[in-house]
Amino acid sequence: MATNGAAHPAKTLPAAKDLWHHLSPEAVARRPSPLKTAFKYAIDPRIVSLGGGLPLPAYFPFETISATAPAAPFTLYNDPELSATAPIVEVEVNRYNRNQEPGMIPLATAMQYGQSDGCKPLLEWISEHTEMVHHPPYSNWGCLMTVGNTQGWDAALRLLTSRGDTILAEEYTFSSAMEAANAQGVRPVPVKVDLEGILADKLDEQLTNWEGPKPKLLYTIPTGQNPTGGTLSPERRQAVYDVLSKHDIIIVEDEPYYFLQMDAYIPGSSATKLPSPPTAEEEPDKYNKFLSKLVTSYLSLDVDGRVLRLDSFSKVMAPGTRLGWIVAQEPFIERLTRQNEVSIQTPAGFSQAIVYSLLSKWGHNGYLDWLIEMRKEYTHRRNVCLDALDKFFVQPSAHAPTGLTSVVQWKEPSAGMFFWLKLDVRKHPLYGELTPLQIENRIYHAGIDHGILFIPGSWFRADQDPVDETVKPTNGEEVSVFFRGTFATVPQDKLIEGIRLFAEVIAKEFLS
């Protein structure tokens, strides 16, 4: 049974393995705050509490907060021609909820001290959602609210590592996550990947031949990976999990893009908008079908209890909500709660109250409807991107009469917000005279001068201080640099224009 009161189907599951030995000295040393232990008495209506330092809710200068949000069918909300007539839901949260309206965390509760793991109603909703999507295969898992995945990752580092430790990460990964590790004196070591993700056989070889203390954890973004856009298949995830179980290493699964998984790309499909998903009345099994299409998470495979999953509303609602959560075995959640007590206290009460009220209005199926709509919208944007890549990099053009595929390769992203261009720098006329990183930097600045921004792949190297590759041509050995682009941020006409501009930069650099 999950912690925090979530109602799950009755079934017999084993408990997680005892992995207490993975905790850092800092995490082990944490003790419950005595003031927090007394809080259970402060909220007992039978007790007059003069012991807590809680401000009186009557003095909170907020009587009511409200917001307007879309209601199903969400397709109308995202259609400029129909959005004015799109149905909406009104979300309102007041100070005391004296009328006992369901689906509300009153401001007197949400804005108060005391709930370091998150407001209980929202936490229960998140736990139910986690069971619905992932079905963790052990009994004693739980959830803890965070201020988004960046803070969740920082908390995981403090839970599991100490200064001088090493961790593993994909060869190219989210640079801010690596900076967080570096600041704590933790050294990231890259793991070999291809355009889908981690290579399990290379990982096993790396760990088998490891000298000295083993890495404390693997940090991975397995779905819509940032920066590569790669998504690891269920079979390959199982292989990676088995390797890490064999070597007794924790997995931190950072999954902000998990629900931005896409349908298969059909060339030329960007010319028309994708059809609206069927309603539940039209397709009664709609939600089960959607969930069954999602790639298997590491949490779903986690028979040991060695996965810490970082989830967030940032990419499917808004980054400014600053709301996320960690799913892990209960002993880890308890230690993380102690950490919250003396750091963030709890995520902002405004966000928790508004988001919970909206989720309650939508219900679990309504939230899945929203995610299905996000899937459709991002699939279309991805299709626009890939059609533009085909037009400007594959097809002959004035700037590249035979196309640019001899220089540039990419894999169709099936999730997330990013696409990853692989450039064969051996084809650059200055290769051998300039290093690959110098060529990468030259292309980056040429793009800026031409009015287009792509991010150099070396900025995402897990080791942060890579040694430059040889300046001498090799005997047929591949030498590549990479650039990351996104199809999520700009209007579609600007996306197409940006790809055209970068194709012109590559043609000028490689073909002139």
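Q352 contributes a side-chain N or O that, together with a main-chain N or O of C119, makes up a donor-acceptor pair within less than 3.5 Å. In terms of modelled atom types and a separation under 3.5 Å, the side chain of Q329 and the main chain of A16 share no donor-acceptor contact. When atom types are taken as modelled, the side chain of K192 and the backbone of L203 share no donor-acceptor pair closer than 3.5 angstrom. Here the side chain of S175 pairs no donor or acceptor atom with the backbone of F460 at under 3.5 angstrom. Side chain of S343 to backbone of Q339: a donor-acceptor contact under 3.5 angstrom is found. For the pair E131 (side chain) and P136 (backbone), a donor-acceptor distance under 3.5 Å is absent.
Residues forming a side-chain contact (heavy atoms from CB on, under 4.5 Å) with A58 (at least two apart in sequence, or on another chain): L56, Y96. With sequence neighbours excluded, no residue forms a salt bridge (charged side-chain N to carboxylate O under 4.0 Å, His left out) with R381.
When all heavy atoms are compared, the tightest approach of T489 to T486 is OG1-CG2, 3.7 Å. The nearest pair of heavy atoms linking S300 to H134 is OG-O, 2.8 Å. Looking at every heavy atom in both residues, E92 comes nearest to M104 through O-CE, 3.4 Å. Summarising the geometry of C143 relative to L123, their closest heavy-atom pair is O-CD1, 3.7 Å, with the distance given to 0.1 Å. Taking all atoms of both residues into account, the shortest heavy-atom contact from G457 to W420 is CA-CH2, 3.5 Å. Closest non-hydrogen pair, L368 versus M132, comes out as CD1-SD, 4.0 Å.
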(message) Before you tell me yes or no, could you show the steps for L294 and V133 under side chain to side chain contact (heavy atoms under 4.5 Å, CB included), namely the whole-Å CA-CA distance, both residues' side-chain angles and the distance that decides it to 0.1 Å?
(response) CA-CA 9 Å; L294 296 175; V133 176; 4.3 Å; yes
(request) Begin from the C-alpha positions of E341 and S116 and carry the test side-chain hydrogen bond (donor to acceptor under 3.5 Å, both in side chains) through to its verdict. (result) CA-CA 6 Å; E341 288 173 352; S116 293; 4.7 Å; no
(request) Evaluate the criterion side-chain hydrogen bond (donor to acceptor under 3.5 Å, both in side chains) for residue pair Q184 and D154; output intermediate values, then yes/no. (result) CA-CA 9 Å; Q184 295 190 30; D154 183 77; 2.9 Å; yes
(message) Test side chain to side chain contact (heavy atoms under 4.5 Å, CB included) on E170 and V191; report intermediate values, then the result.
(response) CA-CA 5 Å; E170 284 119 340; V191 172; 5.8 Å; no
(message) Set out, in order, the CA-CA distance, both residues' side-chain angles and the distance that settles side-chain hydrogen bond (donor to acceptor under 3.5 Å, both in side chains) for E124 and S127, then state yes or no.
(response) CA-CA 5 Å; E124 290 179 347; S127 296; over 6 Å; no
(request) Decide yes or no on salt bridge (Lys or Arg N to Asp or Glu O under 4.0 Å) for D194 and R236, but give the supporting numbers first. (result) CA-CA 12 Å; D194 59 15; R236 290 182 60 176; 3.1 Å; yes
(message) Test side chain to side chain contact (heavy atoms under 4.5 Å, CB included) on E373 and D369; report intermediate values, then the result.
(response) CA-CA 6 Å; E373 180 63 18; D369 277 324; over 6 Å; no
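In this structure, the ring of W210 has its center no less than 6.0 angstrom from the ring center of H247. Close placement of the W125 and Y367 rings is indicated, their centers lying within 6.0 Å of each other. Aromatic rings from F350 and F62 are positioned such that their centres are separated by under 6.0 Å. Ring to ring, F482 and W459 are not that close: their centroids are 6.0 angstrom or more apart. Ring centroid separation for the pair W153 and F174 does not come in under the 6.0 Å cut-off.
In this structure, a donor-acceptor pair under 3.5 Å is absent between the side chains of T337 and E334. For the residue pair T346/Q115, the side-chain donor-acceptor check at 3.5 Å is not satisfied. Under the 3.5 Å distance criterion, with hydrogens and angles disregarded, no donor-acceptor pair is assigned to the side chains of R237 and T220. A side-chain donor-acceptor contact under 3.5 Å links S245 and D304.
More than 12 heavy atoms of other residues, nucleotides or ligands shown are found within 6.0 angstrom of CZ on F60. For K315, the NZ atom counts as densely surrounded, since its 6.0 Å shell holds more than 12 non-hydrogen atoms of other residues, nucleotides or ligands.
A salt bridge links E283 with K289; the closest basic N to acidic carboxylate O contact falls under 4.0 Å. In this structure, D248 does not pair ionically with K214, as no charged nitrogen and carboxylate oxygen lie closer than 4.0 Å. With salt bridges taken as basic N to acidic carboxylate O contacts below 4.0 Å, none links R31 and E26. Between R187 and D165 no salt bridge is recorded (no basic side-chain N to carboxylate O distance below 4.0 Å).
Ring pair F419/F454 is perpendicular by interplanar angle, where above 60° counts as perpendicular and below 30° as parallel.
Considering CG of N340 and CE of M145, their distance stands at 10.5 Å, rounded to 0.5 Å.
Of the listed residues (I250, L144, I326), just one forms a side chain to side chain contact (heavy atoms under 4.5 Å, CB included) with F332, and that residue is I250. Screening F74, F259, Y287 against W370 for a ring pair (Phe, Tyr, Trp, His ring centres under 6.0 Å) leaves a single residue, F74.
Residues T231 and M262 are not in side-chain contact: their nearest non-hydrogen atoms beyond the backbone lie 4.5 Å or more apart. Contact check for M178 versus V186: no side-chain heavy atoms found under the 4.5 Å cut-off. Side-chain atoms of P347 and L323, non-hydrogen and from C-beta on, do get closer than 4.5 Å to each other.
A cation-pi arrangement is present between R309 and Y258 under the rule of less than 6.0 angstrom and at most 45 degrees off the ring axis.
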